[in-house]
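Residue numbering restarts at 1 for every chain, and letters A, B, ... go by the order of the sequence lines.
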Amino acid sequence: MVPHWKPGWKPIESRMGPSGQYAPQAMASMDEVSARVDELRSLIDRHDVAYFEQDAPTIADPDYDGLVRELAELESRHPELAVDTGAGHRVGARPSEAFAPVSHAVSMMSLDKAFDQDELTGWYDRVLRRLDGNEVGPLTCELKFDGLAVSVRYENGEMVRAATRGDGRTGEDVSANVETIADLPKRLGPDAPSLIEVRGEVYLKLSSFAALNEMVVAIGQAPYVNPRNAAAGSLRQKNAAVTATRNLSFFSYQMGEVDGVPQFGSHHESLQYLASLGLPVNEHAETVASMDGVSDYIERFRLMRHDLDYEFDGVVIKIDDLATQGRLGATSRAPRWAVAYKLPPEERTTKLLDIHVSIGPSGRATPFARLEPVFVGGVTVSTATLHNEDQVLAKDVRPGDTVVVRRAGDVIPEVVGPVLADRVKASKPWKFPTNCPICDQPLERVEDMAATACVNVSCPRQIRGRIEHFVSRGAMDIEGFGESRVDLFVTAGLLGDVSDIYSFDLEAVREMEGFGDLSVQNLRLAIAESRARPLGNLLFGLRIPHVGSTNGDLLATSFGSMEALLSADEEAIAAIDGVGPIIARSVFLWLSNPGNREIIGRLRDAGVNFTGPARSELAPILEGMSIVVTGALEGFSRDDAAAAVSDRGGKSPGSVSKKTTALVVGESPGASKLSKAEDFGIPILDEAEFSTLLKTGVVPAKTEEEGETP
DNA sequence: ACACCTCGAGTTCT
DNA sequence: CTCGAGGTGT
C-alpha cells in the first residue's frame, strides 16, 4: 500500500519513536502527497526564518532534520513536485540583511546524515559501489560539534573576514564578532599560506554557557535554552564588545579556498596542517582502518557524551584519502565521501498534552507533564516532572503547548520550556489545583517552601505511603509486603496505620484472590521477624520529618531505647551532636502527638523491639574514618557494606568529600565519586582491599606511587 | 557570616 | 543522582 517505498529505506516513524509528530502519513493519492509537500515546505520555511534570522528556534534540530528528510524523500519519489528554489533544496536559509552578504568561492556544503548503524553501512556500501573495486583506505572520525559552521579567511596570514554558512553559497559577514574568539589567532605564523579559508564550528563551552545564563538571569532576562542557541545569539550580536564577553570557542575541521597551501594526500594531514598554523583542532579526531574502527569510535564517544566541556550531537566520518574523495565527488547538496552519524537526540519537541498533579507518599503534590510520547536520549518519554508550582509558573508551560524536552546528563527527562511561536492564542496559564486529586481535601502550600501538599492525614494515598515506607528495606524490611499488596490490604480496609501490621486479620487475607496457605504463612513469618529490627530502623520507619535512616540510627544510639526518647524533652534531643533545633523540634512534636503515641503504644503491645542497638561486638577499629562505597560489590549489598563500616565505628556517607578516608569501588562505579576521589587524592580500594580494611582497620598502602596528573 | 559536609526526598524507564 | 536545606566549624 506504499508503492514508492525504496528498498532499504526506513520510514521515519520507525526511527523517531511513536510520537508520529513529524512522521509521514500513509498517502494514497497524488493530491495528498502534493498537499504534504506544500505543508512541509511552509513548515521548513517558517522554522528557517525563526532559526536563522531570529535566533529563536521553534523546533529541535532532529525534528527539523526529519522534516527535511521527509520532503527530500517525497521529492525524489515525485520529481514532478520538486522545485529548484524551494525549501529543502538549500543547505540553510536566506542570509539576514543585518550582516553584509559574503559569497563562498568554495561552497560550504552540509553532510548527509545517518541515524543508525544500517544507514551508516548503507553509506559505506554506496561508497564501495562507486569506487568499483578500488581501495577505500582509512577513514577519519571526528566529533560533530553542536555549534555554527563558519568560514574564516586569512590572507597572507592575516584574518580578513569571517562568514557564516548561510545557504552554503552565500553567508553573512560576522568578522567583527569572530575576531573576539580567543581560540582564533588574528595572525598566523610566518609559514602561513597566501590564502586560506578555515572552516569550522563556532561553539560555546558548557562552562561558558552556564556562566552566561547566570548573568542573563541575574539581569532579569530569560536564559538561553541551550549552548548552540546561545552561541548563535552571541555570534549575531550587533555589538562585538558584547560578543567578546561570551567566550565563544572554535574548532577547525576543513579548508575552503586556498592558495599556497601544500598538497596533502589525506584529510588527517590537512588537520595536522591546520593545527601547525596555530588553529584550534579538536583533539578527538582519529584515523581508523575500517568501519569496525568507526563503530568503535562512535561507541566510545556515545558514552563520553557528557564528559566533555562542549556538546556534540554526532560523529563525522570521512574517507581519509583525498584522491579517493575526489573520485567520489559530491551531489548538489553534500559530498559523497563524508557522512554525519547522528547520535540519538537529547532534545526534542513534542506536545504537552496535560499537566497533572500526583500526590507523593508524604502528601507532597508534584505537578508533572503528560507528553505525546517522544523518542529522546535513547528512550521514549511520555511523562516529565515539573517539580513544583513555581517551576510551572517560571516556565509558563501550558497544556497544548509544543515544548522542548531534554534528557540531560543523567536520566530524568525535563521540560525545558514552551515553543511560544506555536502556542494556541486562547491558552491560559495553568493553575495549580486547589484540592487533592485523591481525597479531594484542600491542598496547602508548605510554609516558606516551593512545595504544596495534601495535609489530610487520612488521605488514602498517605495511609498507603506511610505503610509502604514502614515495611520497606532499610526500615522494618518485611518481605513479601510490596506496594501492590499494601495497596490491596489498605483498600480492603485491613490496614489503617502501621501498627495494624502486627494485628491484622491474616485469615481474611487467605480468602483473598491470589493468596494461598503458603503465601499467608510466609507473610506471617516475615512480619514476626520484623519485630526484632533495630530501634534505628523503627524510628526511620515511622517517617518522622527530618528523620531518615541516618538520624534514626543516631537517635537510637543516643537514647538507647524508645522509652528514653519518649520521655526526653526538646533540649535533650537537640543536645545530640548532629541534631539541631529544627530536627529536635520535629522529633519532639511528632512524638508528642496523641495519635502517634497511640500507634507507638500498639507497637509496644505487639512486642516490637524498643531497645537500642546491641553494641557491636567488633572493636571500633574504623573510628573516625569515613568510607564511601560506589558501584556494586560481590560480597556485600550497599547496605551491608555501610553496616560493616558502622559496626566497626566508622561512617559511610553517600558522597565523597575532602574528609573521606577512602573510596571503595565496585562494579560500574559512579563517575563523579571516582573523579572527586581522584581530585582529592583519596585512596581508592577494590573489594579485596576493603575486606582487608575491615579486618585490620588500616587503609592498605598502594603499591604504586600516586602521581599528580597535569 | 560563610563554606562545607550530610541528610532526606523525589525521579524515569527498561 | 541531584537538589535544597539543616548542622557544624571557621
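The listed nucleotides are B:dC5, B:dC7, B:dG10; the one nearest the side chain of A:Thr366 is B:dG10. Comparing C:dG7, B:dC5, B:dC13 against the side chain of A:Ser657 picks out B:dC5 as the nearest. Distance from the side chain of A:Thr385 is smallest for B:dT12 among the nucleotides B:dT12, B:dC5, C:dG6. Here the nucleotide nearest the side chain of A:Arg364, chosen from B:dG10, C:dG7, B:dC13, is B:dG10. Listed nucleotides: B:dG8, B:dT12, B:dC5. Nearest to the side chain of A:Thr383: B:dT12. Comparing B:dT12, B:dT6, C:dT8 by their closest approach to the side chain of A:Asp577 singles out C:dT8.
The interatomic distance linking A:Phe368 (CZ) with B:dT12 (P) rounds to 8 Å, in whole Å. Atom CD1 in A:Ile583 sits about 10 Å away from atom C1' in B:dT6, given to the nearest Å. Rounded to whole Å, the distance from CZ on A:Arg406 to P on B:dT11 is 19 Å. A:Leu542 has its CG atom 14 Å from the P atom of B:dG8, to the nearest Å. Taking atom NZ of residue A:Lys658 and atom P of nucleotide C:dG9, one finds them 16 Å apart after rounding to whole Å.
Contact annotation: A:Thr550 reaches the phosphate of B:dG8 (side-chain N/O to OP1 or OP2, under 4.0 Å). At the phosphate of B:dC7, neither OP1 nor OP2 sits under 4.0 Å from any side-chain N or O atom of A:Ser655. The side chain of A:Thr380 places no N or O atom within less than 4.0 Å of a non-bridging phosphate oxygen (OP1 or OP2) of B:dC13.
Here A:His546 lies in heavy-atom contact (under 4.0 Å) with sugar-phosphate atoms only. Among the protein residues, A:Gly578 comes within range of the sugar-phosphate backbone only, with heavy atoms under 4.0 Å from sugar or phosphate atoms but none that close to a base.
Residues satisfying the ring pair (Phe, Tyr, Trp, His ring centres under 6.0 Å) test with A:Phe680, not counting sequence neighbours, are none.
Using a distance-only test at 3.5 Å, with no hydrogens or angles considered, a donor-acceptor pair links the side chain of A:Arg543 to the main chain of A:Gly465. Remark: the backbone N or O of A:Gly697 is not paired with any side-chain donor or acceptor of A:Arg648 at under 3.5 angstrom.
Between A:Arg585 and A:Glu570 a salt bridge is recorded (basic side-chain N to carboxylate O distance below 4.0 Å).
Taking the six-membered ring where tryptophan is involved, the planes of A:Phe301 and A:Tyr297 are tilted, since the angle between them lies from 30° to 60°.
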